[in-house]
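Below: one structure, written as structure tokens.
A, B, ... follow the sequence lines: proteins, then strands. Residue 1 opens every chain.
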Protein chains: 2
Amino acid sequence: MERKSFSDMSCSVAQCLEVVGEWWSMLIIRDAFMGVTRFDDFQRRLGISRNILQHRLVSLVDAGVLQKVAYSERPLRHEYRLTEKGIDLWPVLTAMRQWGDRHAAPDGPPVEVVHKDCGQAAVGRLVCEHCGRPMGARSVRAVPGPGYRAGRTPLEAVH
Amino acid sequence: MERKSFSDMSCSVAQCLEVVGEWWSMLIIRDAFMGVTRFDDFQRRLGISRNILQHRLVSLVDAGVLQKVAYSERPLRHEYRLTEKGIDLWPVLTAMRQWGDRHAAPDGPPVEVVHKDCGQAAVGRLVCEHCGRPMGARSVRAVPGPGYRAGRTPLEAVH
DNA sequence: TAGAGTAGGTTTCATGAGCGAACTGACTGC
DNA sequence: GCAGTCAGTTCGCTCATGAAACCTACTCTA
């Protein structure tokens, strides 16, 4: 059976997963953030099969997350670079990394992130854009937005 | 061939994906945040096959993200609730939702989140825990952390 | 006391996605 | 002319995914 698509779900989480929810996709994006751009470099670093890598790169390019740019004419060679849409995935990647650091890294984080502004190896925290106070699962509630379509009932968040 | 596991990668993103990277897992967790706890409710809301749902619930319970709690003895009935480890996935979910809202919701967000502290339908923003200033892909650089193991070379973030 | 309904699964089986490995084609450098 | 690099493509296998049917244990209604 074909893998079911999330694209007709009226939910932004599902739309995001439709683009980056495939096995390997987020790791390709992670490596792209680390500066990897070439097919063989992705393949070597990830240990992914070449055909799967090819599929993923094509679908990420189709989704507008990566762009394929020629860096040599003869021979014709391309590299894959994050678009702005791809760079906007940074908070997703960061949230995943921080969750992994906290719950699946007994020896401490394998990679730390230094904030250039203050020079500290720091953790990102989610705050409300409006009031600047912390925004956690228990401090919000979900309501239907302008793009809401029937069939999906937002409930109270976490009880 | 068996789907390759990410568990031996020295990377917290990979560890996170190992737990929630399967097709459907994040949507199950999203619904759990919306207050869904029962097998049949998950099944109906997601339109997922019952066997796949069963697999996912078992692996999320095994991973410690959900817990199975009896809410009735006769007949024996269980419900699935987020653990603290599961609730810690909120930033991941929020980042995905916000990315989807921005890049895949032409009619506006299907669901908005109201911050109880200020009453506004607000967006979460990632700031440095240390200095409080915004933390984006371009304002950080990756360095090896205490849990670093060879074979993985952190590079500069985004060029 | 029979029959319908509900909750939470389990089984079955066809399909297709993911896998490694080998191969291809276009080029460069020696 | 031969080795090496880069970016794929092809091949054949296996396992995960999917829908639908089935199962178990209990409750509710008549």
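- Defined by atom type and a distance below 3.5 Å, a donor-acceptor pair is present between the side-chain atoms of B:Ser12 and A:Asp101.
- Residues satisfying the side chain to side chain donor-acceptor pair (under 3.5 Å) criterion with A:Asp40, sequence neighbours excluded, are A:Arg50.
- Between B:Trp24 and D:dT17, a side-chain N or O to OP1/OP2 separation shorter than 4.0 Å is absent.
- A:Ile52 places its CD1 atom 14 Å from the P atom of D:dT10, with the value rounded to the nearest Å.
- In this entry the distance linking CD1 of B:Ile48 with P of D:dA16 reads 15 Å, nearest Å.
- Contact check for A:Thr83 versus A:Leu66: no side-chain heavy atoms found under the 4.5 Å cut-off.
- Dashed line: the shortest gap from a side-chain N or O of A:Gln43 to OP1 or OP2 of D:dA7 is not under 4.0 Å.
- At whole-Å resolution of the value, CD in A:Gln54 and C1' in D:dG8 are 6 Å apart.
- Regarding contacts with the backbone of D:dA7, a side-chain N or O of A:Tyr71 is found under 4.0 angstrom from either OP1 or OP2.
- Residue A:Lys4 places no side-chain N or O under 4.0 Å from the OP1 or OP2 atom of D:dA16.
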For this session: Could you encode protein contacts along nucleotides 22-28 of chain C as a string, one character per nucleotide from 5' to 3', using B for base contact, S for sugar-phosphate-only contact and - for no contact, with a heavy-atom cut-off of under 4.0 Å?
Result: B---BSS
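- Counting only distance, with no hydrogens or angles, the side chain of B:Glu79 and the backbone of B:Thr37 share no donor-acceptor pair below 3.5 Å.
- When heavy atoms are screened at a 4.0 angstrom cut-off, B:Tyr80 is found touching the sugar-phosphate backbone but no base atom.
- B:Arg38 forms a cation-pi arrangement with B:Tyr71, by the criterion of a distance under 6.0 Å to the ring centre and an angle within 45° of the ring axis.
- Of the possible donor and acceptor atoms, none in the side chain of B:Gln120 sits under 3.5 Å from a partner among the backbone N and O of A:His130.
- Listed candidates were C:dA7, D:dC6, C:dG18. Nearest to the side chain of A:Arg56 is C:dG18.
- Between B:Leu27 atom CG and D:dT17 atom P there is a gap of 14 Å when expressed in whole angstrom units.
- The CZ-C1' distance, from A:Phe39 to D:dA7, rounds to 6 Å in whole Å.
- Between the P atom of D:dA7 and the CG atom of A:Leu66 lies a distance of 14 Å, rounded to the nearest Å.
- In this structure, the separation between CZ on B:Phe33 and CD1 on B:Ile28 is 13.5 Å, given to the nearest 0.5 Å.
- Following rounding to the nearest Å, B:Leu53 (CG) and D:dA16 (C1') show an atom-to-atom distance of 16 Å.
- Mapping A:Asn51 and A:His78 onto DNA chain D via the closest heavy atom, the residue that lands nearer the 5' end is A:His78.
- Using a 4.0 Å cut-off, no side-chain N or O of A:Trp23 falls inside it from OP1 or OP2 of D:dA16.
- One interatomic measurement links the two molecules: NE2 of B:His55 to C1' of D:dG18, which rounds to 13 Å at whole-angstrom precision.
- Residue A:Glu22 is classed as a sugar-phosphate contact, given heavy-atom separations below 4.0 Å to backbone atoms only.
- Side-chain contact between B:Val127 and B:Arg133: absent, with no pair of heavy atoms (C-beta onward) separated by less than 4.5 Å.
- Between B:Ser49 and D:dA19 there is a side-chain N or O to OP1 or OP2 distance below 4.0 Å.
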